[in-house]
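Order of listing sets the numbers, starting from 1, for every ligand and every atom in it.
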Amino acid sequence: MLKERAFSAPGKALLAGGYLVLDPQYRSYVVALSARMHAVVAETKSSGENWFMVRIVSAQFNCDEWNYRVSHSSKYEISEINGRVNPFAERALEVMVNYCQPDVQKMVDLVIELFSDAGYHSEGDSLIKRNHFRQFRFHNRTITEVPKTGLGSSAGLVVVLTASLLYAFRSEFDATSDLDKSTVHNLAQVAHCQAQGKVGSGFDVAAAVFGSIIYQRFDPKLIENLPTDQPSIYAQSLRHIIDMQWEFTHDNITLPRGIRLMMGDVNSGSETTKLVAKVRAWYESNYPKSLGIYQEINEGNLRFIDGIEKLSTLSQQDPSRYERLLEAVESDSNTKEIPEIAQIEAAVNKIRSNLQVITSESGADVEPPAQTKLLNSCSNLKGVITGVVPGAGGHDAICLLLSDGTDIVKQTSNNDTFSCVAWLDLHQENFGLKEEAPLYYKGLR
Ligand SMILES: Nc1ncnc2c1ncn2[C@@H]1O[C@H](COP(=O)(O)OP(=O)(O)O)[C@@H](O)[C@H]1O
Ligand SMILES: C[C@@](O)(CCOP(=O)(O)OP(=O)(O)O)CC(=O)O
């Protein structure tokens with residue numbers, strides 16, 4: 001009997017490294033967030049047929065569910081019995097059966113319940129349901145009709161499904177084991193790319209598994225070269241690739257003590273794929289000037305990362321000076337004289353001014369003028385260290401670093417400049433994939 005187990009994985013914000021992170025040579029700074037995706041996996045009574053069923057339930061979205069029948073003749077066949085589509089769930093299942101090769105006659109049926117924290121989607125007219133441990137928002141629309149905030153719900157989904165299925169197919173899984181985490185990471189990257197129909201940098205999947213990280217991507221060929229159109233060798237190649245040691249950086253980081261992140265939801269509508277295509281086209285047709293701009297941005301990214309690390313070091317090595325620094329930030333004294341803060345500000349200015357050049361030359365709204373204006377207004381607020389348009393940029397969101405004691409909601413309410421911003425109730429978190437108690441989710445359907 002398969003014991004019921006639960007897993008969760010965080011959402012993300014890419015603070016530094018947008019676009020450049022698509023190239024394995026550049027480092028990026030990825031913050032994992034307190035908004036998490038959750039999955040509870042259990043076995044159900046088996047039909048005893050030549051197939052097994054995997055039922056995936058997402059009760060928060062108008063009782064969405066997907067019922068996959070998994071059979072095997074010359075290869076694994078997966079079909080959703082009601083014709084319902086969820087490319088991320090389907091690909092996660094497909095990659096997992098090809099990797100784990102479960103015996104379809106002996107395998108029990110599975111049910112996987114999904115829960116996603118409020119931060120991933122706009123509230124709309126959703127209702128909160130809670131038990132003693134957790135609370136989730138329930139929407140009266142299907143998942144594809146509820147507007148997203150851009151925290152990477154699909155990456156979180158694929159990671160928790162992958163962990164749940166790896167446990168179910170192998171009867172064992174240790175969310176604290178580096179080896180198991182690395183296997184989940186590699187499998188989830190493959191499934192996520194296949195579902196998206198493109199190879200992104202994978203920073204969202206890496207953050208969902210490993211938490212807040214400095215990330216440098218893996219070689220995209222690892223996934224591109226998989227023989228998806230040759231069933232006779234696909235499973236074998238997949239297993240070979242998944243079990244290889246992938247070369248990529250995922251060094252754990254945490255924001256310095258006393259400093260927190262604030263995400264502001266501005267608008268929805270920017271499409272990452274279109275932005276990436278425009279920036280790519282600009283890069284190619286402006287080479288080598290574009291390379292020079294990327295190098296400038298990279299210098300800014302590295303100076304930013306170094307500045308944050310200096311603050312962390314200072315907080316440990318000279319706590320009293322660090323306290324004074326935080327007080328100065330909070331009381332809005334002249335922070336230009338604090339070298340660590342000045343370094344971070346200068347680094348972000350360098351990144352942003354170059355992103356503004358890309359915006360005006362490529363036609364991609366990476367940091368459009370409205371966002372520039374908003375970020376400049378934010379940096380004049382008390383306690384704000386710096387701010388960026390996270391990830392691919394666009395009109396979707398802004399992300400600020402500020403001192404813990406700063407009340408940004410109070411400072412910006414009743415101010416027209418900020419009327420377009422909805423501050424999200426989120427914070428940075430270190431943890432990636434982790435095990436949860438199934439009890440936390442009881443009665444929440
Ligand atoms: N809670 C959920 N339950 C079921 N499917 C989900 C859930 N969250 C995300 N998904 C899947 O991920 C898709 C959204 O992925 P995507 O467009 O890449 O957004 P994001 O930027 O949030 O990852 C949804 O259409 C759905 O297929
Ligand atoms: C442009 C990028 O480097 C960053 C995109 O970051 P976002 O956080 O905007 O991502 P989505 O959730 O997929 O929209 C593309 C990439 O790294 O894949």
Side-chain angles (χ1 to χ4, degrees), residues 8-9 11-24 26 28-31 33 35-39 56-66 80 84-92 112-122 136-139 141-161 189 191-193 195-208 215-217 220 263 268-280 283 294 297 301 355 358 364-366 388-397 399:
S8 75
K12 52 69 192 172
L14 180 64
L15 289 200
Y19 300 94
L20 278 70
V21 65
L22 289 159
D23 181 335
Y26 298 115
S28 62
Y29 191 90
V30 191
V31 169
L33 300 171
R36 300 180 74 90
M37 186 69 65
H38 311 252
I56 298 177
V57 183
S58 193
Q60 286 166 275
F61 298 91
N62 200 26
C63 300
D64 273 347
E65 65 174 76
W66 298 268
E80 206 290 324
R84 298 213 53 209
V85 179
N86 188 330
F88 294 96
E90 187 166 334
R91 287 307 178 134
I112 302 179
E113 287 183 272
L114 298 171
F115 294 94
S116 59
D117 283 342
Y120 285 101
H121 294 92
S122 303
F136 295 100
R137 289 200 161 271
F138 282 68
H139 303 260
R141 280 180 289 169
T142 183
I143 180 75
T144 45
E145 285 171 14
V146 179
K148 298 167 293 183
T149 52
L151 306 187
S153 59
S154 58
L157 172 80
V158 171
V159 167
V160 291
L161 280 181
Q189 290 286 14
H192 197 248
C193 281
Q196 281 188 315
K198 68 173 170 92
V199 183
S201 71
F203 78 95
D204 43 2
V205 171
Y215 178 70
Q216 239 171 318
R217 75 166 306 168
M263 293 277 291
S268 53
S270 299
E271 282 182 58
T272 303
T273 13
K274 286 192 182 146
L275 292 171
V276 171
K278 282 186 184 168
V279 172
R280 276 224 167 104
Y283 188 90
Y294 266 36
I297 295 177
N301 290 342
L355 291 179
I358 298 181
D365 279 344
V366 181
V388 295
V389 194
H395 295 272
D396 296 353
C399 193

Looking only at protein heavy atoms, identify the closest one to [atom] and say how far it is in Å.
atom	answer
atom 3 (N) of ligand 1	Ser58 OG, 2.8 Å
atom 27 (O) of ligand 1	Asn86 OD1, 2.9 Å
atom 11 (C) of ligand 1	Leu157 CD2, 3.7 Å
atom 25 (O) of ligand 1	Thr144 CG2, 3.6 Å
atom 17 (O) of ligand 1	Lys148 NZ, 2.6 Å

Review point. Would you call the rings of Tyr294 and Tyr283 parallel, tilted or perpendicular if under 30° counts as parallel and over 60° as perpendicular?
Key: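 If you compare the ring of Tyr294 with that of Tyr283, the planes turn out tilted.
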Could you tell me whether the side chain of [X] and the main chain of [Y] form a donor-acceptor pair under 3.5 Å?
X	Y	result
Arg137	Ser122	no
Tyr215	Ala207	no
Arg141	Val146	no
Gln189	Val205	no

Exercise for review: Answer yes or no: are there more than 12 heavy-atom neighbours, outside Arg280 itself, under 6.0 Å from its atom CZ?
Suggested key: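 12 or below, so no.
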Practice item. Run the numbers on Phe115 and Phe136 for ring pair (Phe, Tyr, Trp, His ring centres under 6.0 Å), then give the verdict. Key: CA-CA 7 Å; Phe115 294 94; Phe136 295 100; 5.1 Å; yes
Counting each atom of ligand 1 from 1 as listed, which ones have a heavy atom of [X] under 4.0 Å away?
X	result
Leu114	3 (N), 4 (C)
Ser116	1 (N)
Phe88	12 (O), 13 (C), 15 (O), 18 (O), 27 (O)

Review point. If you count only heavy atoms, which residues are under 4.0 Å from ligand 2?
Key: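 Near ligand 2, by chain and number: Lys12, Leu14, Gly18, Tyr19, Val21, Leu22, Gly200, Ser201, Phe203, Thr272, Val276, Gly391, Ala392.
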Side chain, backbone, both or neither: the part of [X] lying under 4.0 Å from ligand 1 by heavy atom:
X	value
Ser154	both
Phe61	side chain
Ser153	both

Heavy-atom check, side chain of [X] versus side chain of [Y], under 4.5 Å:
X	Y	value
Leu161	Leu114	yes
Ile358	Ile297	yes
His192	Asp204	yes

Review point. Can you check side-chain contact (heavy atoms from CB on, under 4.5 Å) on Val366 and Val389, steps first, answer last?
Key: CA-CA 8 Å; Val366 181; Val389 194; over 6 Å; no
Check your understanding: Is the closest heavy atom of Trp66 to ligand 1 under 4.0 Å?
Key ->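 True for this residue.
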**Study point:** From Val146, Ile143, Ile56 - option closest to atom 8 (N) of ligand 1 by heavy atom
**Key:**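 Minimum heavy-atom distance to atom 8 (N) of ligand 1 goes to Ile143.
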Point to revise | For Glu271, salt bridge (charged side-chain N to carboxylate O under 4.0 Å, His left out) partners two or more places apart | key: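 With neighbours one apart ignored, the set is Lys274.
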